[in-house]
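See structure below.
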Amino acid sequence: MRQPLVAGNWKMNGSLDSVTALIEGIQAGLDTVSTAEMAVCPPFVYIPRVAGLLEGSGISLGAQDVNDQESGAHTGEVAPGMLTDIGCRYVIVGHSERRSIYGESDEFTARKFAAARKAGLVPILCVGETLEEREEGVTEQVVARQLDAVIDLEGIGAIGECVIAYEPVWAIGTGKTATPDQAQEVHAFIRGKLATLDTDVADKVRILYGGSMNPGNAADLLAMADIDGGLIGGASLKPEDFLDIGRAGNA
Ligand code: 13P
């Protein structure tokens, strides 16, 4: 049985005051979330503050990105070991905003994935197609290519120790969610593809859905056989909405 994971990707939002209020709000209702693991991924600078607030709460902590190098002359970058040092368990790699706005390739994403694992982090590997790619009918090829870059570098075994997030780019921040069937179709494709290489890995890896997930659609998405949680943007900034999504995963 795969425990659902509901992870908040706060993106470039917040202040010391607002992240404190957000964590306090989530903690106040956390006892109503009985099944899902909850995680938050604050902007780098707020991670130490959030780590302090989360102590003993059972909420997991992650970062939104990481560099592929261990240390050195990389102005402005953050190394994987720094994230474990300040208490992170997860790190998002290959988010579509990194790929599209900052031009990060499949190969660079794979190197970040490898570096994160080496430092003891659990990567949350994002994959997903643009609207143009969906309309061209190449969704599966795109997702397969993004996964293969990581499998080629790290091997299929590494996939069993990470989390995958399917985030159709056209659904991110647009209010346009994939239907449960549309999402399930791609999740099943991903699991099926992994199963051709290793059935144990395919069975155990958690595949999250991301893209305008909210309290209104979470239960239907999470009810699908191959959707094991959510990577939540906008709705993770509101404690009640984030908790509602967590509760949607209650068994
Ligand atoms: P939204 O939930 O705001 O659509 O963002 C999804 C996302 O990109 C999570 O990583």
Side-chain angles (χ1 to χ4, degrees), residues 4-14 18-19 22 26 36-44 46-47 50 59-66 83 88-102 104 109 112-113 116 121-131 133-134 139 142-143 146-147 150 162-180 182-183 186-187 190 206-222 224 227-249:
L5 170 62
V6 173
N9 172 9
W10 294 356
K11 307 193 179 182
M12 196 171 70
N13 293 295
S18 76
V19 303
L22 180 49
I26 297 169
E37 174 188 355
M38 302 296 278
V40 292
C41 302
F44 288 129
Y46 298 127
I47 292 174
V50 171
I59 299 174
S60 303
L61 184 60
Q64 300 172 16
D65 189 28
V66 69
L83 297 179
C88 289
R89 168 167 169 73
Y90 293 106
V91 64
I92 298 170
V93 297
H95 192 280
S96 68
E97 288 150 18
R98 302 297 324 169
R99 294 177 190 264
S100 67
I101 306 173
Y102 301 102
E104 298 186 359
T109 298
K112 290 181 178 199
F113 181 104
L121 294 160
V122 177
I124 300 176
L125 172 66
C126 297
V127 297
E129 82 288 2
T130 62
L131 182 59
E133 289 162 339
R134 173 159 284 261
T139 296
V142 169
V143 168
Q146 292 168 334
L147 287 171
V150 172
C162 83
V163 175
I164 295 172
Y166 168 58
E167 299 207 310
V169 179
W170 48 273
I172 295 177
T174 57
K176 207 171 147 190
T177 323
T179 65
Q182 273 176 327
V186 180
H187 283 235
I190 293 171
R206 292 186 288 187
I207 309 176
L208 315 184
Y209 169 79
S212 298
M213 199 160 171
N214 61 47
N217 58 32
D220 288 342
L221 286 161
L222 295 177
M224 303 310 283
I227 301 183
D228 308 312
L231 186 56
I232 322 297
S236 73
L237 298 171
K238 298 177 203 140
E240 265 316 307
D241 286 2
F242 189 55
L243 287 165
D244 267 345
I245 297 170
R247 284 188 284 264

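Remember, it's 1-based here, ligands and their atoms both numbered in the order they're listed.
Backbone and side-chain nitrogen or oxygen atoms of H95 are examined, and one is located within less than 3.5 angstrom of a nitrogen or oxygen of ligand 1. On a distance-only criterion, G234 and ligand 1 share at least one N/O pair closer than 3.5 Å. In terms of polar-atom proximity, defined here as any N/O pair under 3.5 Å, G233 does make such a contact with ligand 1. Residue-to-ligand polar distances keep A235 apart from ligand 1: every N/O pair is separated by 3.5 Å or more.
Less than 4.0 angstrom separates some heavy atom of S212 from each of these atoms of ligand 1: 1 (P), 2 (O), 4 (O). Shown in contact with G173 at under 4.0 Å from a heavy atom are these atoms of ligand 1, numbered in order with element: 1 (P), 3 (O), 4 (O). Of all atoms in ligand 1, numbered sequentially from 1 with element shown, those under 4.0 Å from a heavy atom of G211 are 4 (O), 6 (C).
For the residue pair C162 and V122, the shortest heavy atom distance occurs at CA-CG1, 4.0 Å.
Summary of contacts: the protein heavy atom closest to atom 5 (O) of ligand 1 is K11 NZ, 3.3 Å. The protein heavy-atom contact nearest to atom 7 (C) of ligand 1 is E167 OE2, 3.2 Å.
Ring planes of Y166 and H187: perpendicular class, angle over 60° (limits at 30 and 60°).
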Would V163 and L125 satisfy side-chain contact (heavy atoms from CB on, under 4.5 Å), going step by step from the backbone distance to the final call?
-> CA-CA 6 Å; V163 175; L125 172 66; over 6 Å; no
T109 and Q146: side-chain hydrogen bond (donor to acceptor under 3.5 Å, both in side chains), yes or no, with the steps?
-> CA-CA 9 Å; T109 298; Q146 292 168 334; over 6 Å; no
Evaluate the side-chain contact (heavy atoms from CB on, under 4.5 Å) criterion for residues V169 and L131: first the C-alpha distance (whole Å), next the side-chain angles of each, then the deciding distance (0.1 Å), finally the verdict.
-> CA-CA 7 Å; V169 179; L131 182 59; over 6 Å; no
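Of the residues listed (L221, T177, V6), the one engaging M213 in a side-chain contact (heavy atoms from CB on, under 4.5 Å) is L221, and it is the only one.
Using modelled atom types, one finds no donor on one side chain facing an acceptor on the other under 3.5 Å when comparing Q64 with H95.
Classification of E104 and R99 as a salt-bridged pair fails, no side-chain N sitting under 4.0 Å from a carboxylate O.
Contacts between A171 and ligand 1, counted as non-hydrogen atom pairs separated by less than 4.0 Å, involve the backbone only. When heavy-atom distances to ligand 1 are checked against a 4.0 Å cut-off, N9 comes that close only through its side chain, counted from C-beta outward.
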